[in-house]
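These notes are about the structure you will find just below.
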Amino acid sequence: MSNVLSITPLPTPPTGTSQFIGGSYAGFGIEPSNLYSYTGGSVTNTLSVNLLNNLANYTGAPPHLRIGGNTADYMIYVASHDSYDVSPNPDAVGQGRFATDSLIFGPRYFEVLDRFPPGSPITFGLNLAHSESDYLDQIVTSADAARTGLKNVDLVSFEIGNEPDLYLQNEFRSGQWDGKVYTDQWLDRASAVYQRVLEPNGIPSNFFEPGCTASTIGTNFQIKDLVSFGITETNGSANSFISSWNQHDYYYYIGVSSYEISMERFTDFSTTITQFRDWTVQVQQATDTGYPYVLREMGVVGPIGYAGITDTFAAALWTLNFFLYAAGLNISSVQMHMTDNSNASAWQPIPFYGNQPYIRPLYYGYAAMAQLIGRGCSTQVIGIPFETFPPGYKDRIGVYTTYQESKLAALVFINSFVANASDDKGSLTIDVSLPDFSGQTLYLSYLTAEGADSTQGTTWNGISYDVSGDGSPTIVSPDTRNITVGSDGRVSVEVRDSQAVVANIGSVIGSAPAPANRVCEAVTRAEVTPTSFPISAATSISASSTPSSRSEGGAMSMPWSLFFLGLLAWLLLNFFP
């Protein structure tokens, strides 16, 4: 007999439900020196383009892309560099373990970046580490090259520097270096880019994402500290320079985390919550400023993944759970970092490790999240906590409800109990009470593979992105499973171990037309521009302790932005049809 859990979702969003989730929410970070691997050089990398287009088709908005990372602080722009590569600089003079001008890139860089889906929001990394006498000219030149060179995608923000809290360790700085010195140098560069690039072209000053920290624990790089040092000051512009707060984290980081990673451990969802305990403090500090909070560099295992962990189907379940969890915290955008040599990248864009380009199961977690968000721009999410679990399932169950147009839309059940391909599979039964939906049909879509350790054969909603060979979707399991809510309002959903199921109300997820509303513009804008009200955070399952990696995480809280977003949506719907 299956193990059983019982839940009673509310038909309308309860207190603690997230803000609206933007269509570009679940995005990617690409290490700047690896860009050509993902875009292609003189020939387009169609695998990358198709995989991004899939997600754009599901949500109506392309994924947000962050072109940033360590190598952004090694690169300078050279207009005469006319080849499809990032090349070593033969005349490098900058300091650091890797010289701050050790790499050069040219106009082709923006040509290839423009191959991504039209309107893709781009956060572009600028070099803060470079501190030679030409540092202002260099950063202004790179910023202007991005502004003029990107015509198909949408440049929405700049990062200045990558993980400045590690600059002493990376030998980019010496002597006095802390949040105050960083703030002064950040403002100096932001002011120059605004005055020489943005303002002359009619672009507002709030175009930058400060922070970009690997960790704030025990430092004065916390958001509240940067605010106290004056980073939100206008410096002569009409507004501050800030579009959103940008921080980085990984669930686990090789060489930094103090414990051994294992599939059993990272599929324990309480460890995700504990990992984020300190970041939830940062989310609240961001809320207090009225600016959105984004995770522009995130991942399962850094720096380049872990074979047998991040390239397995278990990582797809982890990814879907993390996206839902972070959305519930009201983190406005998440970019999972990718390098061409990483076993944690959603796909391998070029031949590597003896493999031809291919798609990792992790990508299917993106596809599931994208269809959950949908095209209506009114999706919200909240996790359902449990105090008791069936034997063996403690902290291996993620249950979320999503709402669209303020009505219950879908139930998400994630069973992360590790069952490998060769194992006999148990299952969990979720008894659901839906008295307001008696007689209605729930359409079941599965995120599934043969087992947690599978590296191939993943499907989502009956779709494979591997079969086509180029990343385009192929329906391989066209039959739709559906169940009917009984006259007593009860229904049961069975979820196999190492599987996720989405029960969508009234239609197969991804098949319904987008609602006719005007919420999309407001939701998209809120991701990258200041808000006039706090951003809220939702509660989820309580956690047991686990050692931290680059930071720790934990419990969540919820202020009142939902009311204001709902009011805005109502006004748009009723007065601007």
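Along the sequence shown, the residues carry numbers beginning at 1.
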### Worked verdict on Asn3 versus Leu5 for side-chain contact (heavy atoms from CB on, under 4.5 Å)
CA-CA 7 Å; Asn3 296 294; Leu5 277 175; over 6 Å; no

### Query
Going through the distances and angles, do Ile7 and Phe413 end up as a side-chain contact (heavy atoms from CB on, under 4.5 Å)?
CA-CA 11 Å; Ile7 63 170; Phe413 309 113; 3.8 Å; yes

### Task
I would like to know whether Phe389 and Asp395 meet side-chain contact (heavy atoms from CB on, under 4.5 Å); could you show each step before the answer?
CA-CA 8 Å; Phe389 299 83; Asp395 299 320; 4.1 Å; yes

### Query
Hey, mind stepping through Val334 and Val294 against side-chain contact (heavy atoms from CB on, under 4.5 Å) and telling me if it holds?
CA-CA 6 Å; Val334 178; Val294 298; over 6 Å; no

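Close placement of the Tyr366 and Phe28 rings is indicated, their centers lying within 6.0 Å of each other. A ring-centre distance under 6.0 Å is not found for Phe266 and Tyr252.
Using modelled atom types and a 3.5 Å distance limit, the side chains of Tyr250 and Ser257 yield no donor-acceptor pair. Residues Thr379 and Gln404 bring a donor and an acceptor atom of their side chains to less than 3.5 Å of each other. Counted by atom type alone, Ser416 and Trp318 present zero donor-acceptor pairs between their side chains at under 3.5 Å. Judged by distance alone, the side chains of Thr39 and Asn45 never bring a donor and an acceptor atom under 3.5 Å apart. Remark: the Glu31 side chain and the His337 side chain contain an N/O donor-acceptor pair separated by less than 3.5 Å. In summary, the side chains of Ser468 and Asp470 do present a donor paired with an acceptor at a separation below 3.5 Å, with no hydrogens or angles considered. Looking only at atom types and distance, the side chain of Ser333 has a donor-acceptor partner in the side chain of Gln335 under 3.5 Å away. Glu494 and Ser427 share a donor-acceptor pair across their side chains, judged by distance under 3.5 Å alone. Checked by atom type, the side-chain pair Tyr358/Asp311 shows no donor-acceptor distance below 3.5 Å. Checking Tyr353 against Asn343 by side-chain atom types alone, no donor-acceptor pair falls below 3.5 Å.
Counting heavy atoms of neighbouring residues, nucleotides and ligands inside a 6.0 Å radius, atom CD of Gln440 exceeds 12 of them. Few gaps surround OH on Tyr443; more than 12 heavy atoms of other groups in view lie less than 6.0 Å from it. The local environment of CD1 in Ile475 is sparse, with at most 12 non-hydrogen atoms from other residues, nucleotides or ligands closer than 6.0 Å.
Although no hydrogens or angles enter the test, the distance criterion places a donor-acceptor pair under 3.5 Å between the side chain of Asp268 and the main chain of Ser270. Remark: the backbone N or O of Gln282 is not paired with any side-chain donor or acceptor of Gln247 at under 3.5 angstrom. Judged purely by atom type and a 3.5 angstrom limit, Tyr465 has no side-chain atom pairing as donor or acceptor with the backbone of Asn50. A donor-acceptor contact shorter than 3.5 Å is absent between the side chain of Arg481 and the backbone of Ile483. Formation of a donor-acceptor pair under 3.5 Å by the Asn504 side chain with backbone atoms of Ser507 is found in this model. Using modelled atom types, one side-chain atom of Ser345 and one backbone atom of Thr339 make a donor-acceptor pair closer than 3.5 Å. Checked by atom type and distance alone, the side chain of Tyr363 pairs as donor or acceptor with a backbone atom of Leu51 at under 3.5 Å. Within the 3.5 Å criterion, the main-chain N or O of Gly439 finds no donor-acceptor partner in the side chain of Thr484. Thr8 contributes no side-chain N or O that, together with a main-chain N or O of Ser433, makes up a donor-acceptor pair within less than 3.5 Å. Without hydrogens or angle criteria, Asn152 side chain to Asp114 main chain gives a donor-acceptor distance under 3.5 Å.
The closest side-chain heavy-atom distance from Ile254 to Pro303 is below 4.5 Å. By the 4.5 Å heavy-atom criterion applied to side chains, Thr401 and Leu408 are counted as neighbours. Gln19 places a side-chain heavy atom less than 4.5 Å from the side chain of Ser332. Within the 4.5 Å cutoff, side-chain heavy atoms of Leu434 are placed close to those of Pro9. Residues Leu324 and Leu372 form a side-chain contact, since some pair of their non-hydrogen atoms from C-beta on lies under 4.5 Å apart. Put simply, the side chain of Thr319 does not reach to within 4.5 Å of the side chain of Pro361, judged on heavy atoms. Asp466 is not listed as a side-chain neighbour of Gln456, based on a closest heavy-atom distance of 4.5 Å or more. Residues Trp460 and Ser445 have side chains in contact (heavy-atom distance under 4.5 Å, counting atoms from C-beta outward).
Between Leu55 and Ala370, the shortest heavy-atom contact is CD2-CB, 4.0 Å. Nearest approach of Leu444 to Ala503, heavy atoms of both residues: CD2-CB, 3.6 Å. Residues Leu65 and Phe116 approach most closely at CD1-CD1, 3.4 Å, considering heavy atoms. Taking every heavy atom of both residues into account, Gly383 and Tyr400 meet most closely at CA-CD2, 3.5 Å. Between Tyr251 and Thr271, the shortest heavy-atom distance links the atoms OH-OG1, 2.7 Å. Taking all atoms of both residues into account, the shortest heavy-atom contact from Ala26 to Met369 is CB-CG, 4.5 Å.
Here the straight-line distance linking atom OG of Ser244 with atom CZ of Arg296 works out to 5.0 Å at 0.5 Å rounding. Taking CG from Leu320 and CG from Leu447, the interatomic distance works out to 6.0 Å, rounded to the nearest 0.5 Å. To the nearest 0.5 Å, the span separating OG1 on Thr310 from CE on Met263 amounts to 9.5 Å. With rounding to the nearest 0.5 angstrom, the NZ atom of Lys394 is 10.0 Å from the CD atom of Glu387. Considering CZ of Arg360 and CH2 of Trp347, their distance stands at 11.0 Å, rounded to 0.5 Å. How far CG of Asn415 is from OH of Tyr393: 5.0 Å, rounded to the nearest 0.5 Å.
Between Glu264 and Arg396 there is a salt bridge, since at least one side-chain N of the basic residue sits less than 4.0 Å from a carboxylate O of the acidic one.
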